[in-house]
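What follows is one structure encoded as structure tokens, with my remarks underneath.
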Protein chains: 2
Amino acid sequence: MRVTIKDVAQAANVSVSTVSRVLSNKENFFASKTADHVRKVAADLGYQRNAYAADLASHQSDVLAVVISATKSNFADEIIAGIHDVATKHGNSVMILYAGENNPTLQDKAIKTVIERDVMGVLIVALELGDESLNSLKTSGIPHIFLSTAAKENLGPFIASDDHAIGYEATKYLIEHGHRKIGLVGMDEQSFVGAQRMNGYREAMAKHSLSIDEDWLVPGYFTFEDGEAAMQHFGKQPAVTAIIANSDLTAIGVIDQARDYGLEVPAQLSVMSIDGTKLTRIFRPTITSVTQDFFQIGRAGCAALLTGDNEPIQSKFLPIKVVERNSTRQL
Amino acid sequence: MRVTIKDVAQAANVSVSTVSRVLSNKENFFASKTADHVRKVAADLGYQRNAYAADLASHQSDVLAVVISATKSNFADEIIAGIHDVATKHGNSVMILYAGENNPTLQDKAIKTVIERDVMGVLIVALELGDESLNSLKTSGIPHIFLSTAAKENLGPFIASDDHAIGYEATKYLIEHGHRKIGLVGMDEQSFVGAQRMNGYREAMAKHSLSIDEDWLVPGYFTFEDGEAAMQHFGKQPAVTAIIANSDLTAIGVIDQARDYGLEVPAQLSVMSIDGTKLTRIFRPTITSVTQDFFQIGRAGCAALLTGDNEPIQSKFLPIKVVERNSTRQL
DNA sequence: CAAGTATACGCAAACGTTTGTGTTATTGTT
DNA sequence: AACAATAACACAAACGTTTGCGTATACTTG
């Protein structure tokens, strides 16, 4: 049997309540002499508090849940690192739950788990939650925030990059570097993110009076393979001079396939990625990207959940920037 | 206030115990008619069970904890995927805790969290636990297993690849392909893993009567930057014809730096990596690797923890294999 | 039909905390 | 010296479940 607060109380010759208050540092409730004694006894006995019992009694947990898609992209690590960065400072525990890839069953399971555990907050990362899961979460009253998924309509508060701006800026960059025929690879029109980015692309093209051949738009879903497949679609003599890929991995797929076709990047084809994770720096050529600050997204999201006040959480976009590397060139 | 089991009982006109038994599917304790009724009422009321209360009362949680280093290598995802694969099938929840990089404070915090929550098992991934954390874990009596870290001495049960074999096989492969001067990059002699791999390397060299120049051994710690730095150490005219890197990322660092020196891989230098994650397939040239089966390591580890029996967990090595790709050549 | 046995359910204790309130000893005020 | 105020602690209820045990009813069986 584990040693409980009762054992400590007995051994220290004080009441259970005193032990509880000492151990959870409720100031002004005990003499410092007693406190020292209690702490010593607890340590000697190897007391470990039972978080379940504590949470049950106090109705508040100190754990933050991160619900995340088992994403084939790779920025999640940075977001999680950001979350941990601030959670650790606040003394909160973080528990991560995978919700699969557009898998409603797994999503429900994950959401159910966090609700059952009555966590103090939920961070939903790179996931477009199904209606059912979303409803459970809403009615549970647990504070939550979407990270890296600007919410369609009033899904809830989010912290993300502006996907419309991402599409726009990438396109603008390429146009300003002389490109007129620009491909778009890996966007999923069904998803909010994909649609937004595509809108940004269209707007930038329109603004510069450039027309779009719908054949330049190759849908997909963030993966390396999507990039490869898209490049196969374009073929050995692509109709475009530049391609915007929906993730760093997708860009790599495009570049690899281009190389297999004997096409030089960027000499014969410029490729630009969205995300700007470390991959863009270790791959050769290094990849020009619209870079998102995932670490800060994680930090900001976590901080938003931890500000004790009861204000509704403010959604916001964090700045993005185009980082020029070696996979694009001036035409 | 959330709706509790009591509310359900009242609304369904049965006792709390019946509701409990119905909702947790304790067979042979209720009539199926009652069960249907109770379930319906519970659903109508939007009942969500309180996992804390349940765990507290039953003394058993259904959550598995994964304690993981915020590793700069990238195989963790695959291990986690494997863990989830079997955990999901068993209906267990998985919570992931980051323990930093050789950061005793964070380790203690993570271990403390899992003990406080009295989880049903702990999977320690790619982490050499400090003595203190290890002791807490051991005295807590919570079943645990080390993944991808063959334990020095009697740390506890593990499932991993045989690091000695990894070093040996990599070296053997290169020797069989005509290499005599083989560099070793990124091994940390202090760590058990690094030492083992190095031993394997030495043994393979010795077995083929090849002597080692200590200058070929460049220590490090799994990162891309370690690879770059090591290659800078070797310089533009490396004394070795082949290099074994301690991770895929490290290998990429080596190759990138080699390329910057104008050295062609594999024409002028063969590079081989350890791990065999997806990186080895998307990078160009594709990278010959000693491939570990991380997914299976995750699966096996999780399964070991979930076999209800009280047998002590058996440590074991999972097979590795050399996968030939395009970063090495016959000399 | 009596006696035994399932079956279906309820009662209440227990899990290990937190916390509002009650109690006693101590200090301060006039 | 009398009384109020405060400090330091203890008591006990509450949190929402699970589960051993008890009991009433229905079903067997010889």
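The chains referred to below are lettered A, B, ... by the order of the sequence lines, with proteins before strands, and numbering in each begins at 1.
Over its full length, the helix from dC1(C)-dG30(D) to dT30(C)-dA1(D) turns its helical axis through 30°, comparing axes from the five pairs at each end and rounding to 10°.
Listed by residue number, Asn13(A), Val14(A), Ser15(A), Ser17(A), Thr18(A), Arg21(A) are the residues of residues 12-21 of chain A with a heavy-atom contact under 4.0 Å to DNA chain D. Taken residue by residue, residues 24-39 of chain B places heavy atoms nearer than 4.0 Å to DNA chain C at Phe29(B), Phe30(B), Ala31(B), Thr34(B).
By the 4.5 Å heavy-atom criterion applied to side chains, Gln48(A) and Arg2(A) are counted as neighbours.
Rounding to whole angstrom units, CD of residue Gln10(A) and P of dA10(D) are separated by 13 Å.
When each of Ile79(B), Ile83(B), Asp85(B), Val94(B) is checked for a side chain to side chain contact (heavy atoms under 4.5 Å, CB included) with Cys302(B), only Ile83(B) meets the rule.
For residues 9-55 of chain B, the pairs satisfying ring pair (Phe, Tyr, Trp, His ring centres under 6.0 Å) are Tyr52(A)-Tyr52(B), with sequence neighbours left out.
In terms of the salt bridge (charged side-chain N to carboxylate O under 4.0 Å, His left out) criterion, residue partners of Lys40(B) (sequence neighbours excluded) are, by chain and number, Asp44(B). The side-chain contact (heavy atoms from CB on, under 4.5 Å) test applied to Ile80(A) returns Ile68(A), His84(A), Ile96(A), Tyr98(B), not counting sequence neighbours.
Among dT18(C), dG16(C), dT18(D), the nucleotide with an atom closest to any side-chain atom of His59(B) is dG16(C).
Here Tyr52(B) does not reach the OP1 or OP2 of dT18(C): none of its side-chain N or O atoms lies under 4.0 Å away.
Contacts of Glu116(A) with the nucleic acid, taken as non-hydrogen atoms under 4.0 Å apart, are absent.
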